[in-house]
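We're numbering straight along the sequence, starting at 1. In what follows, every heavy atom counts, from backbone to side chain, and hydrogens, waters and symmetry copies are set aside.
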Amino acid sequence: MKFDTLQHGITFYENYARVSGFNTHLYSTKKRKSDGKITLKYCVCNKEGFRETPRLHADCKKKRPITRMGCKARITLKLINDQDNYLIFSFHESHTHPLTTPNSAHHTKQSRNLTLAHKKYIMDNSRANIGATKSYRLMKEHVGGY
């Protein structure tokens, strides 16, 4: 596939990931030295790679869960030299972890967004000296749950 801009390619892969049941993050970029234009952009699964082994400190109180699984799913977008378009250069589809089911897809990080109406509700409550956390809990009760 060919995209007019790099952002269109990234948005396409994020939408594909949301429908498929995983999240993404931007990984690495390669730029041309002459003009600084991005020539390669990697967009990977959010479970790509492995986390570094944690350093053991006496003051470390919170243990973080292991979220990285070494997943190889990724897309590489490459700049076409004679045009200012980006092309899908490589696409690796297989994952090393189970994907999110459609019933629980709304719990993923990229799906947790406040609508404009919800943001306005929180701002209106802040003018009445009601904090953001308390107004979010009130909104949750009005809507019927998370």
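Atom CD1 of I130 and atom CG of L138 lie 6.5 Å apart (nearest 0.5 Å). Rounded to the nearest 0.5 Å, atoms NZ (K134) and CG (N125) are 10.5 Å apart.
Under the 4.5 Å side-chain criterion, counting only non-hydrogen atoms from C-beta, H97 is in contact with L99. Using a 4.5 Å cut-off on side-chain heavy atoms (C-beta onward), K72 and S94 make no contact. Between D4 and N85 there is a side-chain heavy-atom pair separated by less than 4.5 Å. Side-chain contact between K120 and L116: absent, with no pair of heavy atoms (C-beta onward) separated by less than 4.5 Å. The shortest side-chain heavy-atom distance between H25 and V44 falls under the 4.5 Å cut-off. Between F12 and M1, some side-chain heavy-atom pair lies under the 4.5 Å cut-off.
If you run salt bridge (charged side-chain N to carboxylate O under 4.0 Å, His left out) between D35 and each of R32, K33, K37, only R32 comes through. Exactly one of I75, I88, L77 qualifies for a side-chain contact (heavy atoms from CB on, under 4.5 Å) with Y13. That residue is I75.
Grouped by direct or indirect side-chain proximity (heavy atoms under 4.5 Å, Ile/Leu/Val/Met/Phe/Trp/Tyr only), L87 sits with I80.
Formation of a donor-acceptor pair under 3.5 Å by the S20 side chain with backbone atoms of A17 is not found in this model. Under the 3.5 Å distance criterion, the side-chain polar atoms of T39 are matched with a main-chain donor or acceptor of K30.
Residues Y27 and E48 approach most closely at CE1-OE1, 3.6 Å, considering heavy atoms.
Side-chain contact, H118 with T115: a donor N or O sits under 3.5 Å from an acceptor N or O. A side-chain donor from one of K41 and T29 sits under 3.5 Å from a side-chain acceptor of the other.
Partners of F91 by ring pair (Phe, Tyr, Trp, His ring centres under 6.0 Å), not counting sequence neighbours, listed by chain and number: Y16.
Residue-environment remark: CZ (F89) stays at or below the threshold of 12 foreign heavy atoms within 6.0 Å.
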